Visitor: 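My questions all concern the structure below.
Model, not experiment: these values are computed from the prediction.
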Amino acid sequence: MDLDFVCTHAGRPAPDLTRRDVARALLAVPSGVALVALPDLRRALLAMGNPLSSPFWESARAALSSIESGAATVGDVQRWAESTGSEPILMTPSYFVWPEEEERGPVAEEMFARLVAYLEERIDAGDVDPDALAGGDLPARRAYEELQEEWLSTPLPDGRVPGFAVNDEQDEELFAVWDEEEAFALSELRRIIGELPMQPDLPIGELRRAGTRLRELLGLPGYPANVLRACAGFDDQPMPDDDEELWLAVAAGITGPVSDLSEEGDTLEEFTDLEGELSYEDTVLANLCAIQHADWLAAVAALARLGPGVLASPERVARLIGESEDIDVDEYEVDDLATESLFQPVVGLWAYLGIVNEDDVLTPLGWWGLPKALERAWSPAD
C-alpha cells in the first residue's frame, strides 16, 4: 500500500489524485494495512504537491481505526467515503438509489462517472467543501445532497435525465430477468403437464355454471369483484362473451394481475396519503404479485398430479410447495408460513371461480383449468 498503488487504483497520476481516489484505495486493502501506510502516503502526496488536507487525513485515520476495531458499520464507511466530496450519495433523500458497483449496467456506470466528474468540478469551484463534510457539518451535508438531487433531475445536453436513465436501465434488467424466469417456468409447466398419465377433460357443465356466476359477480361493486376485474384487466376492456375465455382470463389474472385497482371514486386525500394503510383489496393484489414463478409452478404441478378431490387449502398448498421436487431447493428457500399467508387470498379467489369448493377441495374444473390458466399467464402476449 503506497502511492503507486493508489495511482494505479485510481488511474491518475499523483498530482491529480482526489480525496475520493485515496479513500477508495485505502478501503481496497485491509484496514490494518491501510492504517500502517497512512503516514507514508500522506508524506508522499505532500512531496508531490498534492497534500489534500488535515481534516481529510484525520477523518481517514478515524474511519480506518473504527473499521479495524470492528465498530464501524457499512453505513459509517459509506458516509465517510461520501464525505470526500466527490463520492455520490448511495441513497439520496428522495430515495434514488445507485446500484451496487458490481451490479451497474453501462448507463449507470456512465452516469455515476459523470456525477463524480461534476462533483470534482464543484469542489474546484468552491461549491462543495470536503473538509466541512469530513467534520460532519450538517448544512454542508444537506447542500451536498441537494446538489446531487438537482444534477440527477437535470437533463444532460443529449436530453437524458440521469436519474431516470439509471432507473430505466434497472427496470429493463429486472424485466429481462423476469421474462427469463417466466419462460423457464412455462417450459417446465408444459413438460410436467405433458407427462401426466391422464389429461383432464373440460367439464362443460361446471364451466357454464362458473361462467354464469362469474359474470354476475364481476358486475358487483367492492371485493372480490374489483380485484378479479383488475386481475383480468376488465376495467379497461370489455369482458369476453365466451365462458371459457372469460374464466381463463380471470384465472390467469390471479397468477399475473393485468392491472391495478381502478382509482375511480378515490378522493384526493386517499390518493396522496402515502402513509395510509393499504386497503384489503390492495393487500390482496400485493400478495398475488409477490408470489414467485417457482411457487406457482410447484403448487399447480402438485395439484395437477394429485387430481380433483385433493385438499387445496392455503396450508396444504404451502406444504406441497415446500415438498416439491419441481423447484431447486438449494437455490430457492421455502418459508411455509409466508407461503401460506400469500396463498390465503389466492384460495379464496379460487373459490369464486369454482377451482376449489367450499371446503378448499380441488374441483374437476380446477384440475382442468389451473394449468391452462398458468400457461396463459406466462405465455408471451401476441
Visitor: May I ask you to decide if the ring planes of F56 and W80 are parallel, tilted or perpendicular, using 30° and 60° as cut-offs?
Guide: parallel
Visitor: Do NZ/NE/NH1/NH2 and the carboxylate oxygens of E145 and R141 come within less than 4.0 Å?
Guide: yes
Visitor: With side chains defined as the heavy atoms from C-beta onward, is the minimum distance between T212 and L214 less than 4.5 Å?
Guide: no
Visitor: Any side-chain heavy atom of L246 sitting closer than 4.5 Å to one from F234?
Guide: yes
Visitor: Once rounded to the nearest 0.5 Å, what's the spacing between atom CZ of R316 and atom CG of L311?
Guide: 6.0 Å
Visitor: After noting the C-alpha distance and the side-chain angles of I89 and E149, does the key distance pass the side-chain contact (heavy atoms from CB on, under 4.5 Å) rule?
Guide: CA-CA 10 Å; I89 296 170; E149 294 272 25; over 6 Å; no
Visitor: Look at E245 together with R376 and state whether they make a salt bridge at an N to O cut-off of under 4.0 Å.
Guide: yes
Visitor: For residues V97 and M111: do they belong to one hydrophobic cluster (side chain heavy atoms under 4.5 Å, members Ile, Leu, Val, Met, Phe, Trp, Tyr)?
Guide: no
Visitor: Any salt bridge between E120 and R12, counting N to O under 4.0 Å?
Guide: yes
Visitor: Does the distance from a Lys or Arg side-chain N to an Asp or Glu carboxylate O, for R208 and D243, drop under 4.0 Å?
Guide: no
Visitor: Is there a side-chain contact (heavy atoms from CB on, under 4.5 Å) between E103 and W98? Walk through the geometry before answering.
Guide: CA-CA 10 Å; E103 297 175 359; W98 286 101; over 6 Å; no
Visitor: May I ask you to decide whether D76 forms a salt bridge with R79, counting only side-chain N to carboxylate O separations under 4.0 Å?
Guide: no
Visitor: Is there side-chain contact between L365 and L353, with heavy atoms separated by less than 4.5 Å?
Guide: no
Visitor: Mind checking whether W378 and V258 sit in one hydrophobic cluster, side chains of I, L, V, M, F, W, Y counted as touching below 4.5 Å?
Guide: no
Visitor: Go through it in stages, so that I can follow the logic: the residues are R191 and E188, the test is salt bridge (Lys or Arg N to Asp or Glu O under 4.0 Å), and I'd like the CA-CA distance, side-chain angles, deciding distance and then a yes or no.
Guide: CA-CA 5 Å; R191 178 187 63 78; E188 285 295 286; 2.9 Å; yes
Visitor: In terms of hydrophobic clusters joined by side-chain contacts under 4.5 Å, are I254 and V347 together?
Guide: yes
Visitor: Salt bridge check, D168 against R160: does any charged N sit closer than 4.0 Å to a carboxylate O?
Guide: no
Visitor: Are more than 12 heavy atoms, taken from residues, nucleotides or ligands other than E180, located less than 6.0 Å from that residue's CD atom?
Guide: no
Visitor: Indicate whether the side chain of S54 and that of R42 have a donor and an acceptor atom separated by less than 3.5 Å.
Guide: yes
Visitor: Below 30° counts as parallel, above 60° as perpendicular, anything between as tilted: where do the rings of W350 and W296 land?
Guide: tilted
Visitor: How far does CD of Q344 sit from OG1 of T339, to the nearest 0.5 angstrom?
Guide: 12.5 Å
Visitor: Taking all heavy atoms of F5 and all of A28, pick out the closest pair and write down the distance.
Guide: CZ-CB, 4.5 Å
Visitor: Output yes when a side-chain donor or acceptor of Y144 lies under 3.5 Å from a complementary backbone atom of G85, and no otherwise.
Guide: yes
Visitor: Run the numbers on E172 and V107 for side-chain contact (heavy atoms from CB on, under 4.5 Å), then give the verdict.
Guide: CA-CA 11 Å; E172 289 175 5; V107 174; over 6 Å; no
Visitor: Take V250 and L349 through the side-chain contact (heavy atoms from CB on, under 4.5 Å) test and state the conclusion after the steps.
Guide: CA-CA 10 Å; V250 178; L349 294 175; over 6 Å; no
Visitor: For the pair K372 and E244, find out whether any cationic side-chain nitrogen is under 4.0 Å from an anionic carboxylate oxygen.
Guide: no
